[in-house]
Student: 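Dropping a structure here in structure tokens format, bear with me for questions.
Chain naming here is simple, since letters A, B, ... match the order of the sequence lines and numbering starts at 1 in each.
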Amino acid sequence: MRVVRLLRLRAALTLLREVPRRPASRGVPGSRRTQKGSGTRWEEEKREDRVKWRQLEHKGPYFAPPYEPLPDGVCFFYDGKPMRLSVKAEEVATFYGRMLDHEYTTKEVFRKNFFNDWRKKLKEEAEKLQQEFGYCILDGHREKIGNFKTEPPGLFRGRGDHPKMGMLKRRVMPEDVVINCSRDSKIPKPPAGHQWKEVRSDNTVTWLAAWTESIQNSIKYVMLNPCSKLKGEKAWQKFETARRLRGFVDEIRSQYQADWKSQEMKTRQRAVALYFIDKLALRAGNEKDDGEAADTVGCCSLRVEHVQLHPEADGCQHVVEFDFLGKDSIRYYNRVPVEKPVYKNLQLFMKNKDPQDDLFDRLTTTSLNKHLHELMDGLTAKVFRTYNASVTLQEQLRALTRAEDSIAAKILSYNRANRAVAILCNHQRATSSTFEKSMQNLQTKIQVKKEQVAEARAELRKARAEHKAQGDGKSRSVLEKKRRLLEKLQEQLAWLSVQATDKEENKQVALSTSKLNYLDPRISIAWCKRFRVPVEKIYSKTQRERFAWALAMAGEDFEF
DNA sequence: ACATGAACTTAGTACATGCTGT
DNA sequence: ACAGCATGTACTAAGTTCATGT
């Protein structure tokens, strides 16, 4: 067993390490990171950590052309006559400035074929673009790029109550774009009549192209797809850091519990904040410029108005009620009983403050992370989210899965475990527009089934009475039949209501974010192997590509 | 110490695609 | 074959983190 594990690990390592490395080069002239002479050895080591590629070649980003109006006099025909397009078809044609050269003979043929032809054409064009611009060569490997198109201009919406809502996002021009590739590679050509802002060759970063976006003046990058080796290796590193936390977490917890009683206010605040980050999986919560973005908060930026203290609630003592908008303006609402010292501290932190004042006024994400670095190498606030998410999945899977269950039941258990994590991380989604309808359909089915059960029960009673009266073999077999029918129906009803519960519980919970970013895929893969569940039932094709590193690495005995 | 900026991960939504029961 | 719903993908906004500049 041990040998198998070792071999697997070795295989995974080769997969990831196929990228040949060479000693750190001096970096790029002009790049800020290397402008200044290097400082301490620690800084040197930090730089060693960064990506170092030898060769990077790509075609640069794709610029979609501005939309052109449909030329005059061009329209669609059917039955030999010009066709008045439906509004939507017309929009599609105008919007993209393209047309079909088909002639449709009848209205039916038009209806039937227009959108199919249209879609086929779009798909072919997309595929062509993907092939031309969608890949790069990184150290001899053809790697898929994540976003190879520049973002089209449009009205900025933003999420939540965004102060910049409605502003025009400018078109990205080649003159805005910085290209990053090897000096000795085929340098991408800018579109005809245009020039790049700059071409550089910085092998300590992973982006291929970058531009400054016109709404927030932030930089947008063209980077690799999650299925690439480079991203895979980073994900692996991330989970390894989280796994390392397991060895430190007990001590860290007792440390912050002790710090609840510290003499120093700063330490107390840090200890309570860290407790929330650990227990409730809150985000770090950086300061934001108001007027630049929606008013949202995380742990360190919580304000007095976001928490309420209840000496007693829901039959528990010392209950804290959280109500605030987090990332993407998603509401976080939770009532949690906390330890008495935490409660007392919160009372202290809130004393003599206005609702708009910071709850943790002596704490910033920088100071918190600095403290975390001292506790464990590479530890930051977000590692706790990864750690607790993965640990929760592993625990829930252990608690919920039964070896003798059917595959369907096992998958249900997996989804339940996944859901527990999503709820912990507060991953929400809008209720889909069709939810009510499909739920109603399911409810109708349940209702029908219930009636059938009632009917079957009545018939069983009747059969029983008849059997009592007649006592012959025929009535006995009728009685048995009715009993079996009732059992079957009851089973079906139970399954339906399980489905309904599952659906209802999943209504506002998004499983995908935790699945893709927080759950160590090796846990899921090991679970699949242990319980003979095909991995395809858990991970779709792209997800399997994204987690290729884990598929090569994890045996059924993997422990997070 | 604090502000700014660069680089990278994480996030939900809209739309496309695929699947399933009729 | 096809409607109707579930699932998957593309897109890009919104976070975190770390380093540098002031």
Student: For A:T206, answer base if it contacts any base atom (sugar-phosphate contacts may also be present), sugar-phosphate if it contacts only those atoms, and nothing otherwise; contact means non-hydrogen atoms under 4.0 Å.
Tutor: sugar-phosphate
Student: Ignoring hydrogens, what is the shortest heavy-atom contact between A:F239 and A:P521? Give both atom names and the distance.
Tutor: CE1-CD, 3.6 Å
Student: Quick check: A:H427 with A:Y518 (ring centres under 6.0 Å apart)?
Tutor: yes
Student: Any base atoms under 4.0 Å from A:T296, or only sugar-phosphate, or nothing? Heavy atoms, all strands.
Tutor: sugar-phosphate
Student: Taking any heavy-atom pair under 4.0 Å as a contact, classify A:Q216: base, sugar-phosphate, or nothing.
Tutor: sugar-phosphate
Student: Among the nucleotides B:dA7, B:dG12, B:dT10, which one has an atom lying closest to any side-chain atom of A:K238?
Tutor: B:dT10
Student: Could you say whether A:R283 or A:E213 is positioned toward the 5' end of DNA chain C, judged by the nucleotide with the nearest heavy atom to each?
Tutor: A:E213
Student: Can you see if the side chain of A:T542 gets near the phosphate of C:dG8 - specifically, an N or O under 4.0 Å from OP1 or OP2?
Tutor: no
Student: Check every strand shown and say whether A:A381 touches a base, only sugar-phosphate, or nothing at a heavy-atom separation below 4.0 Å.
Tutor: sugar-phosphate
Student: Is the phosphate of B:dG12, meaning OP1 or OP2, less than 4.0 Å from a side-chain N or O of A:K327?
Tutor: no
Student: If the plane angle is over 60° it's perpendicular, under 30° parallel, otherwise tilted; pick one for A:Y332 and A:F324.
Tutor: parallel
Student: Scan A:K149 against the nucleic acid and name what it touches under 4.0 Å (heavy atoms): base, sugar-phosphate only, or nothing.
Tutor: sugar-phosphate
Student: Under 4.0 Å, counting only non-hydrogen atoms across every strand here, what does A:L516 touch: a base, just sugar-phosphate, or nothing?
Tutor: nothing
Student: Assign A:A430 to base, sugar-phosphate, or nothing according to its heavy-atom contacts below 4.0 angstrom with the strands shown.
Tutor: sugar-phosphate
Student: Touch check for A:N369, heavy atoms < 4.0 angstrom, all strands: base, sugar-phosphate only, or nothing?
Tutor: sugar-phosphate
Student: I'd like to know whether the aromatic ring centres of A:F322 and A:Y333 sit less than 6.0 Å apart in this structure.
Tutor: no
Student: Can you tell me if A:T513 touches the phosphate of B:dG12, counting only side-chain N or O atoms and a distance under 4.0 Å to OP1 or OP2?
Tutor: yes
Student: Under 4.0 Å between any heavy atoms, over every strand shown, what does A:G326 touch: base, sugar-phosphate, or nothing? Just pick one.
Tutor: sugar-phosphate
Student: Which is true for A:K370 with a 4.0 Å heavy-atom rule: it touches a base, it touches only sugar-phosphate, or it touches nothing?
Tutor: nothing
Student: Where each residue is assigned the nucleotide of DNA chain B containing its nearest heavy atom, which of A:I219 and A:N426 is assigned the position nearer the 5′ end?
Tutor: A:I219
Student: Where the side chain of A:K169 is concerned, which of C:dT12, B:dG12, C:dA14 is the nearest nucleotide?
Tutor: C:dT12
Student: Run the salt-bridge test on A:E240 and A:R522 with the 4.0 Å N-O cut-off and return the result as yes or no.
Tutor: yes
